[in-house]
Structure formats: structure tokens, C-alpha cells
A.B. asks: 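Following this message is one structure expressed as C-alpha cells.
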Amino acid sequence: MNTVKIVIAGPRGRMGSEAVKLIEETEGYELVAVLDHKNGGGKLSDFDGFNGVSAPVFTEISGCLQEVKPDVLIDLTTPEVGMHHTKTALEYGVRPVVGTTGFSQENLRELESICHDKGIGAIIAPNFALGAVLMMKFSQMAGKFFDDVEIIELHHDQKLDAPSGTAVKTAEMIAEVREGKKQGHPDEKETIAGARGAEFDGMHIHSVRLPGLIAHQQVMFGASGQTLTIRHDSYNRASFMSGVKLAVDTVLKIDTLVYGLENIID
Ligand SMILES: NC(=O)C1=CN([C@@H]2O[C@H](COP(=O)(O)OP(=O)(O)OC[C@H]3O[C@@H](n4cnc5c(N)ncnc54)[C@H](O)[C@@H]3O)[C@@H](O)[C@H]2O)C=CC1
Ligand SMILES: O=C(O)C1=N[C@H](C(=O)O)C[C@H](O)C1
């Protein structure tokens, strides 16, 4: 088996540092470089907490990809940076695995078209935790039978985007099967703006941010005399890593953009 050469963007972040561990611990994977804001020309081991990880640090993606010629780029940064990294990776024939959330529909369409034109695969996964992917799939199943749904996502208070990528993806998946319906009383009025949360195709999404939380979501369905609640909790970031590995192994074999791990776990 050939070694899979991997670059991680955002290696010192909450997710990036966990992904560094995954790559270091996985036989057949090699961390050939990282992309960071700082310490270009240095090594990841120059930073605290990365003893013995000798991957070179680059601050600019094009030079990095030209020099180290990786197979896969894992991006765990911010939406603007992630979009730039993903497009550049595809230009250089490097397959992106993107965990970064906050990409717009327009971003996704643009990336899909680049993948199509170049015949190269990419995976964008709003949530790598397999339990969360199942929670989204089960919610889609329930959405066939219940038109009334409220999505409540709960995250740590350092999260930049709201609603979460997982909540948006869940709403998109439910919208594929649900009869469009504007929920709540037709005459309802918010006496404090935002009280009913964000609206997506008539569904409502509520974003909770608190220290102490990691990543949680519950999807509540209601009908006469009954409710159904489907909930997933990530208690640490290791919970995302089996999905990152699945995405890395899969992206090497595909030639289109896959948005969401639910499309590759069947
Ligand atoms: N798909 C999934 O399962 C998950 C996705 N996420 C998403 O991953 C992203 C990162 O999340 P966290 O690790 O919690 O954030 P974080 O803030 O801890 O890490 C982001 C890292 O990106 C770095 N960064 C920013 N701009 C950069 C640039 N130009 N070049 C290189 N590095 C740069 C920052 O310095 C930081 O270390 C977010 O979009 C989050 O929503 C988070 C958890 C799970
Ligand atoms: O920022 C996070 O932490 C998470 N982001 C992803 C999202 O926006 O859905 C995935 C997970 O919920 C953790």
C-alpha cells in the first residue's frame, strides 16, 4: 500500500490538533506539511504540544502544495480560508477533505463544478462523527412522517458560525423529503427578535452557545399528541476522527464532490 501524503491546515486548532494525532498514529498516513498563520519555514514541533512532529510549516498554500506534493489536504480552519485552500488544492490536483463549516450554497456549487471539470474528488463533511451522521439520516427518515420540526444545536462558545454546519445540513436533508410548511401560528410575532430562531424552509433552527459544551444537536418532531426527539452528543473531538479517516480513504477513490458523510457510509 502506498503511503498517503497529507497536509493539515489549522493544525493547532481544536480539531486540527486531533487530526495531527490521527495522522501520526495511522499506519500508511504521513503528515508531510501543515499550513498555519505563523512559523513558516519552521517545524510543527517548534510549537508546544507537538513534540516529535517534524512536519514543515508553511503559511501559504500554493508554495506548500508545489513543494510537498500531497495526496490529500485536510482543512480545519475558517470558511473564507477553507474555501481558498479547497480551490487551490483542486487546482494542484490535491484531494480536499474539508471539515470547516460555514460554506455557502454558492461555495458548494463552485467547488462541485471545479471537481467535475477536473475529474477529481473532494469531501466536505459538516460533521465527521458517525453518530451525528446517523442522527441526520434518522431525522430525514422522520421528516417524511412529521412536517413540524425544530432543530436545536448546542456548541462551545468559541464557535464562529451559527447555525452550525450540521444543523444546516440536517435542515437541507429534511427539506428534501418534507412537505414545505411554515411552522407555528400563522399570526405569531416575535416580541424579542430572534426568539423563534433562524428559519430554513419553514423549519426553525436554534443555536445555543455555552462554555462546557462541545457539539450537540437535537431534532424535535411534533404531531398531535406526540413528539419524537433525535439527539446526538460529541463529548470530545476524538469522536470526529474515525469519520476523518473514512473521508481520507474515500476521497482517494472518487472523482466528484461529496457533501456529507451520509453519502459514503451506506
Ligand atoms: N466537520 C466536523 O466534524 C467538525 C468541524 N468543525 C469545524 O472545523 C473548523 C475548525 O474548528 P475548531 O478546530 O474548533 O476551530 P479552532 O479555532 O480551534 O481552529 C481553527 C484553526 O485554524 C487556524 N487558521 C485560521 N486561518 C488560517 C490560515 N490562513 N492558515 C492556517 N491556519 C489557519 C487557526 O489559527 C486555528 O488554529 C470550524 O469551521 C468548525 O466548525 C469542528 C468540529 C467538527
Ligand atoms: O465548531 C464545532 O465545534 C463543530 N462544528 C461542526 C458544525 O458546525 O456542525 C461540527 C460539530 O458540530 C462541531
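Keep in mind the model is a prediction, meaning the values are calculated, not measured. When a ligand or atom number is given, it counts from 1 through the structure's own listing order. Heads up: numbering here begins at 1 and tracks the sequence.
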A.B. asks: Can you check whether Ile230's main-chain N or O pairs, donor with acceptor, with His232's side chain at less than 3.5 Å?
C.D. replies: no
A.B. asks: Between Ser239 (side chain) and Ala129 (backbone), is there a donor-acceptor pair under 3.5 Å?
C.D. replies: no
A.B. asks: Determine whether the side chain, the backbone, both or neither of Arg14 has a heavy atom under 4.0 Å from any heavy atom of ligand 2.
C.D. replies: neither
A.B. asks: With nothing but distance in play, are any N or O atoms of Arg237 less than 3.5 Å from an N or O of ligand 2?
C.D. replies: no
A.B. asks: Can you report which non-hydrogen protein atom sits closest to atom 10 (C) of ligand 1, along with the distance?
C.D. replies: Thr77 O, 3.5 Å
A.B. asks: Taking only heavy atoms of Ser164, which atoms of ligand 2 are found under 4.0 Å from at least one of them?
C.D. replies: 7 (C), 8 (O), 9 (O)
A.B. asks: Who's the nearest protein heavy-atom neighbour of atom 9 (O) of ligand 2, and how far?
C.D. replies: Thr166 OG1, 2.4 Å
A.B. asks: Starting from atom 3 (O) of ligand 2, find the nearest protein heavy-atom neighbour and note its residue, name and distance.
C.D. replies: His156 NE2, 2.9 Å
A.B. asks: Hey, does Gly102 sit under 4.0 Å from ligand 1 if you only count heavy atoms?
C.D. replies: no
A.B. asks: Could you tell me if Glu60 and Ser62 have a donor-acceptor pair between their side chains, going purely by distance under 3.5 Å?
C.D. replies: yes
A.B. asks: For His216, state whether at least one heavy atom is located under 4.0 Å from any atom of ligand 2.
C.D. replies: no
A.B. asks: Which protein heavy atom lies closest to atom 1 (O) of ligand 2, and at what distance to 0.1 Å?
C.D. replies: Lys159 NZ, 2.9 Å
A.B. asks: Should the pair Glu262-Lys169 be classified as a salt bridge under the 4.0 Å nitrogen-to-oxygen rule?
C.D. replies: yes
A.B. asks: Which atoms from ligand 2 have a heavy atom of Ala215 less than 4.0 Å away?
C.D. replies: 11 (C), 12 (O), 13 (C)
A.B. asks: Check Lys159 with Asp157, please: is the shortest side-chain N to carboxylate O separation under 4.0 Å?
C.D. replies: no
A.B. asks: Counting only N and O atoms by type, is there a donor-acceptor contact under 3.5 Å from the side chain of Arg95 to the main-chain atoms of Val251?
C.D. replies: yes
A.B. asks: Once rounded to the nearest 0.5 Å, what's the spacing between atom OG1 of Thr78 and atom CG of Leu160?
C.D. replies: 7.5 Å
A.B. asks: State the atoms of ligand 2, each with its element, that fall below the 4.0 Å cut-off from a heavy-atom position in Asn127.
C.D. replies: 10 (C), 11 (C), 12 (O)
A.B. asks: Do side-chain atoms of Arg178 reach the backbone of Asp147 as a donor and acceptor pair under 3.5 angstrom?
C.D. replies: yes
A.B. asks: Any Lys/Arg nitrogen of Asp233 or Arg231 sitting under 4.0 Å from an Asp/Glu carboxylate oxygen of the other?
C.D. replies: yes
A.B. asks: For atom 6 (C) of ligand 2, find the nearest protein heavy atom and state the residue, atom name and distance (0.1 Å precision).
C.D. replies: Pro126 O, 3.5 Å
A.B. asks: Do ligand 2 and Gly165 have nitrogen or oxygen atoms that lie under 3.5 Å from each other?
C.D. replies: yes
A.B. asks: Using a strict 4.0 Å cut-off to heavy atoms of His155, name the atoms of ligand 2 that fall inside it.
C.D. replies: 2 (C), 3 (O), 4 (C), 11 (C), 12 (O), 13 (C)
